[in-house]
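Some notes on the structure that comes next.
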Amino acid sequence: MSGRQLWRGGHLVTLAQAQGWGLVPDGALLTEGGQIRWVGPLADLPQDLRVGLDAEVDLQGALVTPGLIDPHTHLVYGGERSAEFEMRLQGASYEDIARAGGGIRSTVAATRAADEASLRASALARARALMDEGLTTLEVKSGYGLSLDDEARCLRVARSLSELGITVRTTYLGAHALPPEFDGRPDDYVDAVCAWMPTLKDAGLIDAVDAFCERIAFSPQQTRRVFETARRLGLPVKLHAEQLSDQGGAALAADFQALSCDHLEYLSDGGIQAMAAAGTVAVLLPGAFYFLRETKLPPVEALRRAGVPIALATDHNPGSSPGLSLLLMMNMACTFFRMTPEEALRGLTVHSARALGLPDRGQLVAGQRADFCVWDAAHPRELAYYFGRNPRRATVLQGRAHEPAPARPVV
């Protein structure tokens, strides 16, 4: 990595403590070897850490935050599902559409029909759109292939997104829906999902394992079998839990010390306590809540009281959250879920890093990865306040200013 670089004259939002913005006016960041070496007021910079003028960057009073982290996306897929959007507006529910053969299955068919090059081109465009609003770390799930070869293909495409300079974590979501060739045989399909897992892990394609535990997907018993296989392979787990009903998924995931449980609109008090005891992060998905016109709010206040960290994500997918704006997710979290702007920013930085098992990022403190964003804003609350406005000035990845190639139209 590059040598020392001093980023000076910024209004730093360190999030260094458990609460508060951790503001440092006229602050400075010293980066070295891809890490943050020192953070504080410029006037306090130790003499032995000073650098030459050619290694200084004047931030000109801009706001500086940790880089944004999206811990839940389904970024690799073929096709789109705007017809289902129209159907829902005419009264069909998400479950009605899924049971009629639409939903995830329609995306599986489009994904299987697409070649790897086209899947990669569309995923790259989506990732670039997220990067344009400050993304530095990204999680991508499989789950639209639902066969060994197609799941592997989608995971390979997800891995390839790291060429953009961001960190990409891949999650195996074979237990997303029942593919047509397994109609009426859900337990046989779960057997297959478990049998494919070692092959995909040995190929270096899996960082974590997820499942969709819901009435229209997989039962708690079937989910447990997937998680037991993951545990034998040393893979951490995550769970789509309590989105449409309370299936006890959060408590099940907590039994396996899950990194996160995601959605959680129907989360019970027992599920909250289990997550708190296991250190499991709650990942809320305001884009899906908005797009599906849900009315059941996740229990944010109860999560706060229990000390469960709350992360946010786009949940980008073609059926229930086709959004590609991290800043809009912050605004939605504040507007719909009554989170504070500080909670929203933590939800896309320090808590989202924890949801991915990445403790080396999410704050501006010495020893952390030097991923941060420079914004044209006077105060960090502005990031959640505006929508339809992108104040990002620059993104720094491992201590190097980085500009992604312009995003092509997302297909």
| message | Can you list everything that forms a side chain to side chain contact (heavy atoms under 4.5 Å, CB included) with Ala278? Sequence neighbours excluded, please. | response |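 With sequence neighbours excluded, Ala278 shows a side chain to side chain contact (heavy atoms under 4.5 Å, CB included) to Ala254, Thr280, given in chain and number order.
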
| Can you list the residues that meet the side chain to side chain contact (heavy atoms under 4.5 Å, CB included) rule with Ala313, with sequence neighbours excluded? |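 Per chain and number, Ala313 pairs via side chain to side chain contact (heavy atoms under 4.5 Å, CB included) with Asp70, Pro71, His72, Val283, Leu285.
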
Any donor-acceptor pair under 3.5 Å linking the side-chain atoms of [Y] with those of [X]?
X      : Y      : value
Thr340 : Glu342 : no
His402 : Arg400 : no
Ser147 : Asp149 : no

| field | Sequence-distant partners of Asp26, salt bridge (charged side-chain N to carboxylate O under 4.0 Å, His left out), two or more places apart | value |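 Expected list: none.
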
| Contacts of type salt bridge (charged side-chain N to carboxylate O under 4.0 Å, His left out), residue Arg88, not counting sequence neighbours | none

Within this structure, what is the [atom1]-[atom2] distance for the pair [X] and [Y], rounded to the nearest 0.5 Å?
X      : Y      : atom1 : atom2 : answer
Asp246 : Cys213 : CG    : SG    : 9.5 Å
Glu343 : Ile310 : CD    : CD1   : 6.0 Å
Ile97  : Ile216 : CD1   : CD1   : 10.0 Å
Arg112 : Leu146 : CZ    : CG    : 6.0 Å
Leu264 : Lys296 : CG    : NZ    : 12.0 Å
Leu164 : Arg128 : CG    : CZ    : 5.5 Å

Which heavy atom of [X] sits nearest a heavy atom of [Y], and at what distance?
X      : Y      : result
Pro380 : Leu345 : CB-CD2, 4.4 Å
Leu303 : Ala282 : CD1-CB, 4.0 Å
Ala123 : Val76  : CB-CG2, 4.0 Å
Val13  : Pro66  : O-CD, 3.3 Å
Pro220 : Gln247 : CG-O, 3.3 Å
Ala28  : Leu6   : CB-CD1, 4.0 Å

State whether [X] and [Y] are salt-bridged, where the test is any N-O pair (Lys NZ or Arg NE/NH1/NH2 against Asp/Glu carboxylate O) under 4.0 Å.
X      : Y      : answer
Glu228 : Arg231 : no
Asp315 : Lys141 : no
Glu56  : Arg8   : yes
Arg105 : Asp183 : yes

| Member of Lys201, Lys238, Arg159 meeting the salt bridge (charged side-chain N to carboxylate O under 4.0 Å, His left out) criterion with Asp207 | Arg159

| task | Kindly assign one of parallel, tilted or perpendicular to the pair Phe336 and Phe289, based on the angle between their ring planes and the thresholds 30° and 60°. | result | tilted

Heavy-atom side-chain contact between [X] and [Y] under 4.5 Å:
X      : Y      : value
Ile166 : Ile69  : no
Glu214 : His240 : no
Phe337 : Leu297 : yes
Trp7   : Ile36  : no
Phe256 : Arg224 : yes
Phe218 : Val226 : no
Val64  : His11  : no
Phe227 : Leu239 : yes

Quick check against the 3.5 Å criterion: does [X] have a side-chain atom that pairs as donor or acceptor with the backbone of [Y]?
X      : Y      : answer
Arg393 : Leu59  : yes
Gln398 : Arg369 : no
Arg126 : Leu75  : yes
Ser160 : Val157 : yes
Tyr290 : Met329 : no
Thr111 : Gly78  : yes
His176 : Gly143 : yes
Glu242 : Ala250 : yes
Thr170 : Leu205 : yes
Thr107 : Tyr144 : no

| said: Tell me whether Phe182 at atom CZ has more than 12 heavy atoms from other residues, nucleotides or ligands lying less than 6.0 Å away. | reply: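 Buried by this count: over 12 neighbours within 6.0 Å.
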
| task | Assess whether side chain to side chain contact (heavy atoms under 4.5 Å, CB included) is satisfied between Phe212 and Gln243, documenting all intermediate values. | result | CA-CA 9 Å; Phe212 188 15; Gln243 179 185 9; 3.8 Å; yes

| said: side chain to side chain contact (heavy atoms under 4.5 Å, CB included) for Leu148 and Leu200? Distances and angles first, verdict last. | reply: CA-CA 8 Å; Leu148 176 57; Leu200 296 170; 4.0 Å; yes

| Which of these passes side-chain contact (heavy atoms from CB on, under 4.5 Å) with Pro391: Val374, Leu383, Leu63? |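 Among Val374, Leu383, Leu63, the one meeting side-chain contact (heavy atoms from CB on, under 4.5 Å) with Pro391 is Leu383.
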
Show me the side-chain donor-acceptor pairs of residues 359-366 shorter than 3.5 Å, one per line, residues at least two apart or across chains.
from	atom 1	to	atom 2	distance (Å)
Arg361	NH1	Thr137	OG1	2.9
Arg361	NH1	Thr167	OG1	2.9
Gln363	NE2	Leu15	O	2.9
Gln363	NE2	Ala16	O	3.4

Throw together a table of side-chain donor-acceptor distances under 3.5 angstrom for residues 266-277, partners on residues two or more places apart or in other chains.
from	atom 1	to	atom 2	distance (Å)
Ser268	OG	Gly270	N	3.4
Ser268	OG	Gly271	N	3.0

| message | Using ring-ring contact (aromatic ring centres under 6.0 Å, His included), reason through Tyr77 and His316 one step at a time and then give a plain yes or no. | response | CA-CA 11 Å; Tyr77 59 86; His316 177 82; 5.7 Å; yes

